[in-house]
Protein chains: 2
Amino acid sequence: MAQKDTVKSILNAAEELFSERGFAETSLRNITTKAGVNLAAVNYHFGSKKELIQAVFARFLGPFCESLEERLAEMEAGLPQRVPEMEELLMLLSQTALLSGHNNSPRRLGIFMRLLGLAYTQGQGHLRRFLQNEYGRVFNTYMKLVTAATPALSEEERFWRIHFMLGATVFTLSGADSLSAMAEYDIGKGSDIAQVVDKLVPFLAAGVSAPHR
Amino acid sequence: MAQKDTVKSILNAAEELFSERGFAETSLRNITTKAGVNLAAVNYHFGSKKELIQAVFARFLGPFCESLEERLAEMEAGLPQRVPEMEELLMLLSQTALLSGHNNSPRRLGIFMRLLGLAYTQGQGHLRRFLQNEYGRVFNTYMKLVTAATPALSEEERFWRIHFMLGATVFTLSGADSLSAMAEYDIGKGSDIAQVVDKLVPFLAAGVSAPHR
DNA sequence: TTTTGTTTTAAACGTATGTTTGAAACAGGT
DNA sequence: ACCTGTTTCAAACATACGTTTAAAACAAAA
């Protein structure tokens with residue numbers, strides 16, 4: 001239980017703490033303490049805090065995009081004849097997110113959605129660049145299929161609706177636990193991520209297919 | 001142009017800088033420099049950085065909720081007979097956001113949406129508590145009207161769809177400028193917040209009214 | 001066992017932060 | 001002009017951070 005465990009412990013602790021407090025609010029000392037390793041271990045194994053942040057994303061996004069890319073390639077292959085439904089494309093995402101990698105749980109998906117939200121809202125220019133350079137290609141492939149699935153939309157309309165969807169997803173899934181605490185009545189106790197996704201998909205599919213005036 | 005201007009300058013600078021970089025990434029020195037006031041002025045006038053953050057929110061949310069509450073009261077009065085449409089309730093929000101206060105511009109709305117996104121994603125437990133204690137009541141009133149407007153939905157379904165809407169709105173409007181830069185074609189000049197809202201409303205209305213399976 | 005390369009450790013470094021201080025500058029009322 | 005309370009200012013304070021360092025601990029090969 002020696003060398004490679006340190007890296008994994010750090011990644012686990014960082015993933016959780018980042019998602020709870022944000023990047024700037026989480027110190028390396030918080031992380032290394034929770035991970036039970038020495039402070040210097042982060043800089044030794046990752047180089048810097050920035051690279052640690054990127055590594056946290058890469059650990060989740062790597063297997064996810066790999067898995068996703070296979071399924072997308074199949075769909076893209078039979079494209080002119082077989083046009084995918086929008087709901088199909090949405091389900092593909094949620095299924096991939098829940099199944100890719102080894103130990104992906106609904107809980108982990110929630111954590112990662114919170115991270116994704118942070119990546120957008122919080123400054124972290126380096127992260128945006130990292131994500132775009134690393135995973136921009138898969139996104140473009142996905143968009144090609146979305147375009148095929150929504151031929152009635154103008155390019156501009158589709159662009160915005162994709163982001164409406166992304167926003168609803170990231171925001172809700174990332175705050176699933178805390179959001180339910182806001183209401184005075186008691187809903188969302190069964191706020192399992194998987195259940196929320198089930199409610200989310202029809203909402204998104206209807207929104208993206210709505211006629212524009 | 002001396003004394004009470006200091007407070008306003010600080011609030012203006014803080015509002016802008018917070019929305020650009022986040023709370024933790026914005027130092028008091030950044031703020032006071034941009035505001036052209038002395039560093040100590042923040043602690044003198046506001047007490048602490050936390051209270052500054054809360055003051056920034058209060059300055060926007062105060063007039064907004066006041067304005068909103070009036071319109072909501074009217075609607076609530078004629079409730080059993082006159083049931084509001086969902087689109088009506090959405091437009092009410094956007095109109096109030098754009099008109100409440102004196103110098104509210106679409107730009108300012110974008111800035112504040114970014115702040116609202118930060119308030120949720122970024123740790124800042126004190127902010128969440130502050131917002132909930134201060135403005136939770138208005139939210140509940142609004143929900144009562146939404147309930148009337150969507151009688152077909154179960155309480156749980158409605159609860160989540162409200163947050164889907166909130167997520168799409170906050171996420172998109174807060175990143176409107178940077179998101180439009182992502183597209184290869186040029187929405188640029190036309191990416192006024194108001195236009196994005198126009199595209200948003202049909203999306204949301206369709207989503208919230210979607211049949212659930 | 002000795003050697004070699006890797007990993008861990010405790011301590012320190014330099015910097016940036018939020019906050020406090022006490023004196024100076026200012027304003028308005030008498 | 002003189003006081004009185006408020007506001008500004010430069011400087012310092014204490015603390016926390018990310019990072020670096022050099023020695024120690026360790027593992028595996030020779």
Side-chain angles (χ1 to χ4, degrees), chain A residues 1-59 115 118-119 122-127 129-130, chain B residues 1-59 115 118-119 122-127 129-130:
Chain A
M1 57 164 187
Q3 60 265 47
K4 210 64 180 185
D5 251 15
T6 299
V7 166
K8 192 174 289 187
S9 304
I10 292 176
L11 284 175
N12 288 338
E15 180 175 289
E16 197 133 345
L17 288 178
F18 282 152
S19 85
E20 286 171 4
R21 318 185 191 177
F23 302 116
E25 296 87 344
T26 304
S27 71
L28 294 187
R29 284 167 177 84
N30 291 153
I31 295 171
T32 52
T33 298
K34 171 159 189 167
V37 303
N38 186 273
L39 167 61
V42 168
N43 290 285
Y44 177 75
H45 287 286
F46 296 94
S48 68
K49 188 181 182 181
K50 285 186 181 182
E51 289 168 284
L52 204 217
I53 295 176
Q54 296 176 4
V56 167
F57 276 83
R59 182 168 68 144
L115 290 177
L118 286 173
Q122 207 141 333
Q124 302 295 349
H126 71 97
L127 225 190
R129 261 173 278 129
F130 171 77
Chain B
M1 57 167 186
Q3 56 269 45
K4 212 62 180 183
D5 254 14
T6 300
V7 165
K8 192 174 291 187
S9 304
I10 292 176
L11 284 175
N12 287 338
E15 181 175 288
E16 198 134 345
L17 288 178
F18 281 152
S19 83
E20 286 170 5
R21 319 185 193 177
F23 302 116
E25 295 88 343
T26 303
S27 70
L28 294 187
R29 284 165 178 84
N30 292 152
I31 295 171
T32 51
T33 298
K34 171 159 188 165
V37 303
N38 187 273
L39 167 62
V42 167
N43 290 285
Y44 176 75
H45 287 286
F46 296 92
S48 67
K49 187 182 183 180
K50 284 186 182 182
E51 290 169 282
L52 204 217
I53 295 176
Q54 296 176 3
V56 167
F57 276 82
R59 181 168 69 144
L115 290 176
L118 286 172
Q122 208 141 333
Q124 302 295 348
H126 72 98
L127 225 189
R129 261 171 279 131
F130 171 76

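Residue numbering restarts at 1 for every chain, and letters A, B, ... go by the order of the sequence lines.
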Hey, which of A:His126, A:Arg59, A:Arg129 is the one that makes side-chain contact (heavy atoms from CB on, under 4.5 Å) with A:Gln54?
A:His126
What is the separation between atom CD1 on A:Ile53 and atom C1' on D:dG18, rounded to the nearest whole Å?
12 Å
What is the separation between atom NE2 on A:His45 and atom P on D:dT19, rounded to the nearest whole Å?
15 Å
Gap separating the CD atom of A:Glu20 from the CG atom of A:Asn30, nearest 0.5 angstrom
10.5 Å
Check the pair B:Asn43 / B:Leu28 against side-chain contact (heavy atoms from CB on, under 4.5 Å), numbers first and verdict last.
CA-CA 9 Å; B:Asn43 290 285; B:Leu28 294 187; 4.0 Å; yes
CZ of A:Phe130 to CD1 of A:Ile53: how many Å apart, nearest 0.5 Å?
11.0 Å
So how far is it from B:Leu11 CG to B:Phe57 CZ, rounded to the nearest 0.5 Å?
12.5 Å
Using the side-chain contact (heavy atoms from CB on, under 4.5 Å) rule, take B:Asn38 and B:Thr32 through it: C-alpha gap first, then chi angles, then the decisive distance, then the call.
CA-CA 6 Å; B:Asn38 187 273; B:Thr32 51; over 6 Å; no
Is the distance from OP1 or OP2 of C:dT8 to the nearest side-chain N or O of A:Thr6 less than 4.0 Å?
yes
Starting at the 5' end of nucleotides 14-20 of chain C, put B wherever the base has a protein heavy atom under 4.0 Å, S where only the sugar-phosphate does, and a dash everywhere else.
---BBBB
Using the test salt bridge (Lys or Arg N to Asp or Glu O under 4.0 Å), find all partners of A:Glu16 that sit at least two apart in sequence or belong to another chain.
A:Arg107
Counting only N and O atoms by type, is there a donor-acceptor contact under 3.5 Å from the side chain of B:Lys34 to the main-chain atoms of B:Arg29?
no
Using nucleotides 23-26 of chain D, report all nitrogen or oxygen pairs with the protein that are shorter than 3.5 Å.
none

